[in-house]
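This structure is a prediction, so every number in the text was calculated from the model and none was measured. Both ligands and their constituent atoms are indexed starting at 1 by order of listing.
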Amino acid sequence: MSIYIYNSLSKKKEEFIPLNPPWVKMYTCGVTVYDECHLGHARSLYIFDFIRRYLKYKGFRVRFVRNITDIDDKIIQKAKELNLSAQEVSRRYIQSYYEDLSILGIEPADVEPKATENIPEMIKMIQVLIEKSFAYQINQDVYFSVRNFAAYGKLSGQGVDQMLSGARVEIDEQKHDPLDFALWKKAKPGEPAWPSPWGEGRPGWHIECSAMSLKYLETETLDIHAGGRDLIFPHHENEIAQAESFSGKPFAKYWIHHGLLTIHGQKMAKSLGNFITVKDFVQRYKDIDLLKLFFLSTHYASPIDYSEEKIEQAKKQKKNFYAFCDKVNFWSLCSEDALPQDTSTEELSRIEDICQRFQTAMDDDFNTPVALACLFELIDFASVLISSDKKKGFEYAYAKLGEFFSIFGLALKPKISLNPAIILLAQKRNAAKRQKKFQEADSLRKEIKEKFGYLTLDTAQGLTFIEEQND
Ligand SMILES: [Zn+2]
């Protein structure tokens with residue numbers, strides 16, 4: 001089954017066919033390291049992580065590049081505020097960013113290039129753009145001449161004149177046209193600077209991504225360029241203009257944009273006091289899966305609104321995982337006590353059907369709300385199978401669940417840690433029940449509850465499970 005992806009460039013859902021299958025060359029715009037990662041960054045990182053994992057699951061070989069913008073106006077501004085160098089600021093937040101990636105369980109990118117380590121490539125690209133008359137130098141700055149790139153606006157779907165009336169155009173007296181944007185900026189005193197044919201300075205933000213994506217994906221056309229919806233204009237529009245003017249080839253075949261995150265209906269901002277970092281979240285909830293379940297509950301392209309109630313909802317879902325995993329854990333330790341029952345053909349095809357619907361949902365532009373519902377359905381059914389000692393069916397469902405959990409980077413882990421004393425009691429109880437010593441079995445049930453605080457449940461064959469008491 002093919003995957004269909006909504007392509008922001010064509011504004012249509014299209015069958016995904018990379019240029020050189022099974023290879024997929026994918027680039028996503030990474031963070032600008034001037035502050036802690038918040039939940040909006042987490043969503044972006046997580047979405048492209050599960051998309052990448054799903055592409056691999058489908059048999060594609062993904063080369064994945066995610067950059068780090070470590071030189072930018074915001075970093076320079078923060079350095080002034082903290083009385084540090086720009087390099088010290090970026091170093092501090094790169095460290096923190098890596099901690100967040102690890103908290104979130106995001107797979108490392110194949111390459112994670114830093115802008116400051118790729119300045120020569122950016123300079124070379126700017127030189128070619130000047131030679132081809134797509135860029136011009138004024139004093140020690142270089143600008144891209146937007147009106148010389150006829151296709152400008154094709155991603156954001158706006159005409160050049162419409163953009164001119166927009167508020168987001170930089171005002172700069174020396175530019176030929178207000179729409180033109182900086183490729184190279186002359187350094188102000190005290191700012192970080194690199195030598196260039198135009199004097200000491202630094203690259204503009206947009207040229208960083210064009211240069212690094214083409215370099216590290218070793219191509220002129222990427223299969224997928226991804227990022228947040230807020231980057232469509234001007235950032236991605238400008239990346240297209242630069243890269244296509246440079247190479248004369250289409251820059252990316254598919255553009256994937258995710259929707260943005262709000263908190264209680266508001267944009268997240270420090271000034272509004274609703275700024276939640278990744279570290280704030282784990283400190284409060286101790287479980288990053290809750291955030292992932294919340295993200296999965298909404299399609300990636302849609303906006304998502306964060307609230308504590310939604311995290312409470314995720315907590316209930318997570319409890320189901322735990323109850324199930326505890327059962328599995330216990331079963332795997334005591335299954336010799338059970339008499340396996342046959343799994344029927346209907347039961348096996350029910351598992352197949354759920355798995356098929358999971359894949360169909362993911363193939364349809366990564367429809368995670370539907371896929372997540374399938375995952376819960378499979379847990380419920382696997383739970384029924386295990387409670388009726390249907391070993392074969394259960395093991396098959398469990399293997400499938402493991403695959404789905406790893407696509408979403410979720411932990412399929414038990415909560416109750418089983419010590420030998422509990423296992424021994426449960427095994428004694430299983431034996432008592434087999435010998436129809438029901439009084440003894442009952443007193444062992446009580447002992448498990450009194451000593452460890454757990455409830456006991458029985459499978460159809462009388463095998464003991466334990467579970468946490470509901471609070
Ligand atoms: Zn970018």
Side-chain angles (χ1 to χ4, degrees), residues 7-9 24-35 37-38 40-49 51-52 63-76 90 93-94 97 101 106 109-119 121-123 125-126 129 144 146 149 152-156 168 170 181-185 202-247 250-260 300-301:
N7 187 349
S8 311
L9 186 61
V24 175
K25 297 189 171 189
M26 179 171 180
Y27 181 86
T28 82
C29 292
V31 289
T32 300
V33 280
Y34 72 101
D35 210 337
C37 282
H38 56 61
H41 298 120
R43 186 183 190 209
S44 183
L45 289 163
Y46 180 58
I47 285 169
F48 299 132
D49 189 59
I51 288 181
R52 175 190 184 193
R63 181 162 169 86
F64 185 85
V65 177
R66 180 178 52 224
N67 75 302
I68 293 178
T69 296
D70 62 344
I71 182 67
D72 184 79
D73 290 342
K74 287 171 182 162
I75 298 172
I76 294 171
S90 62
Y93 290 111
I94 285 171
Y97 167 66
L101 287 179
I106 304 292
D110 294 305
V111 192
E112 198 137 39
K114 296 187 185 81
T116 57
E117 291 169 359
N118 293 281
I119 306 277
E121 284 76 10
M122 295 168 202
I123 290 175
M125 197 172 207
I126 297 170
L129 290 173
F144 186 89
V146 165
F149 179 66
Y152 196 78
K154 66 177 172 180
L155 181 68
S156 56
R168 281 183 286 183
E170 280 174 52
F181 57 88
L183 297 172
W184 188 263
K185 298 176 180 186
R202 62 190 161 89
W205 171 37
H206 315 301
I207 197 78
E208 296 178 5
C209 283
S210 296
M212 289 188 281
S213 56
L214 297 184
K215 175 180 173 184
Y216 290 101
L217 289 171
E218 297 169 21
T219 183
E220 290 174 315
T221 304
L222 325 178
D223 291 303
I224 299 175
H225 192 311
R229 196 171 290 284
D230 53 339
L231 297 182
I232 293 178
F233 184 79
H235 184 53
H236 290 163
E237 199 72 78
N238 291 352
E239 276 190 49
I240 291 176
Q242 296 162 154
E244 297 192 355
S245 303
F246 172 77
S247 70
F251 180 39
K253 194 170 178 196
Y254 301 88
W255 284 83
I256 304 181
H257 289 101
H258 66 76
L260 303 181
Y300 79 84

Considering residues at least two apart in sequence or located in another chain, which fulfil the ring pair (Phe, Tyr, Trp, His ring centres under 6.0 Å) criterion with Tyr254?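 Per chain and number, Tyr254 pairs via ring pair (Phe, Tyr, Trp, His ring centres under 6.0 Å) with Phe16.
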Which residues pass the ring pair (Phe, Tyr, Trp, His ring centres under 6.0 Å) test with Tyr300, sequence neighbours left out?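 Checked Tyr300 against ring pair (Phe, Tyr, Trp, His ring centres under 6.0 Å); zero matches.
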Tell me the angle that OE2 of Glu239 and SG of Cys29 form around the Zn ion (ligand 1), rounded to 10°.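 My answer is 90°, to the nearest 10°.
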For the pair Glu244 and Lys154, find out whether any cationic side-chain nitrogen is under 4.0 Å from an anionic carboxylate oxygen.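 Salt bridge between Glu244 and Lys154, a charged N being under 4.0 Å from a carboxylate O: yes.
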Residues Asp73 and Lys185 bridged, charged N to O under 4.0 Å: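 Between Lys185 and Asp73 there is a salt bridge, with a charged N closer than 4.0 Å to a carboxylate O.
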Heteroatom test (N, O or S) for Cys209 near the Zn ion (ligand 1), limit 2.8 Å: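 Coordinating: yes.
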Please state whether the separation between the Zn ion (ligand 1) and some N/O/S atom of His236 is under 2.8 Å?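 Short answer: no, not a single N, O or S atom is under the cut-off.
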